[in-house]
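Report on the following structure.
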Amino acid sequence: VFLALEVVWFRFQLLFFSSVSINFALMLAVVLGGMAMGGLAASILFRRVKDPVGLIPAAAFLCGISLVASYGLFHRVLDFAFTLPILTGVFTSTAFLALPVSVLSGFLFTLIGQALHRNGYSQGGATGLLTACNTIGATAGSFAAGFYLISRLGIEKCFLVFAVVYGVSGLLLAFAGRQGAW
């Protein structure tokens, strides 16, 4: 979902800012920086919270909520971004749109890795499995968004679908956690 979302964010930004290379570079910087911040936050949390894995459902659900909120409020930031120099405007709008979900996704990714490790995988095995699944999902997600979802649903409905997927995932994971079926 996250890489599909990245493709949609990029296409969405092109509606407002015409420089493709700048948009892409800033989108990538914001997304990677946000994921790094989320991963760092999760690793700090591991030292302070007894069972951080229990936060996986909340993190997934919050990804959906933050996606809806950032899209819903985007027009306000866009008005401000247009008053700024082009690089600053693109960065500001991109950070507002993508940073919250990126931080939460980095947090979620790290928590999932920890959950795999706590459920019997070695650190290397958990990392390998998570990386393999992430690579397959990222490839499928970017392909689906770029070649199918945007043309069939449009950008706005893509945002809605991705928010619903995050939210439903969080709810299902919460239910599974209550049933002891992690």
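Counting from 1, the numbers follow the sequence of the chain as shown.
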If hydrophobic clusters are built from ILVMFWY residues whose side chains come within less than 4.5 Å, do [X] and [Y] share one?
X	Y	answer
Leu5	Val77	yes
Phe16	Leu73	yes
Tyr166	Tyr71	yes
Leu97	Leu149	yes
Val161	Tyr148	yes

Under 3.5 Å, side chain of Thr131 to main-chain N/O of Gly128, donor-acceptor pair present? no
Can you tell me how far [atom2] of [Y] sits from [atom1] of [X], rounded to the nearest 0.5 angstrom?
X	Y	atom1	atom2	result
Trp9	Ser70	CH2	OG	7.0 Å
Ser18	Ile86	OG	CD1	6.5 Å
Leu160	Leu67	CG	CG	9.0 Å
Glu6	Ser142	CD	OG	9.0 Å
Asn119	Gln114	CG	CD	10.0 Å
Leu15	Ile155	CG	CD1	4.5 Å

To check you understand the geometry: which heavy-atom pair defines the closest contact between [X] and [Y], and what is its length?
X	Y	answer
Gly125	Ser122	N-OG, 2.9 Å
Val101	Ser66	CG2-OG, 3.2 Å
Val7	Ile150	CG1-CD1, 4.1 Å
Gly146	Arg11	O-NH2, 3.8 Å
Val8	Cys158	CG2-CB, 4.0 Å
Ala98	Val31	CB-CG2, 4.3 Å

More than 12 heavy atoms from other groups under 6.0 Å of [atom1] on [X]:
X	atom1	answer
Phe80	CZ	no
Phe91	CZ	no
Phe74	CZ	yes

Heavy atoms, side chains only, cut-off 4.5 Å: are [X] and [Y] in contact?
X	Y	result
Met27	Val90	no
Gln13	Phe24	no
Phe162	Cys63	no
Asn134	Phe2	no

When you look at Thr110 and Leu45, which way does the side-chain contact (heavy atoms from CB on, under 4.5 Å) test go after all the steps? CA-CA 11 Å; Thr110 305; Leu45 190 68; over 6 Å; no
Looking at Thr94, Leu26, Leu78, which hits side-chain contact (heavy atoms from CB on, under 4.5 Å) with Phe17? Leu78
Is the Phe12 to Phe159 ring centre distance short of 6.0 Å? yes
Full working for side-chain contact (heavy atoms from CB on, under 4.5 Å) between Phe107 and Leu62: CA-CA 11 Å; Phe107 187 80; Leu62 285 173; over 6 Å; no
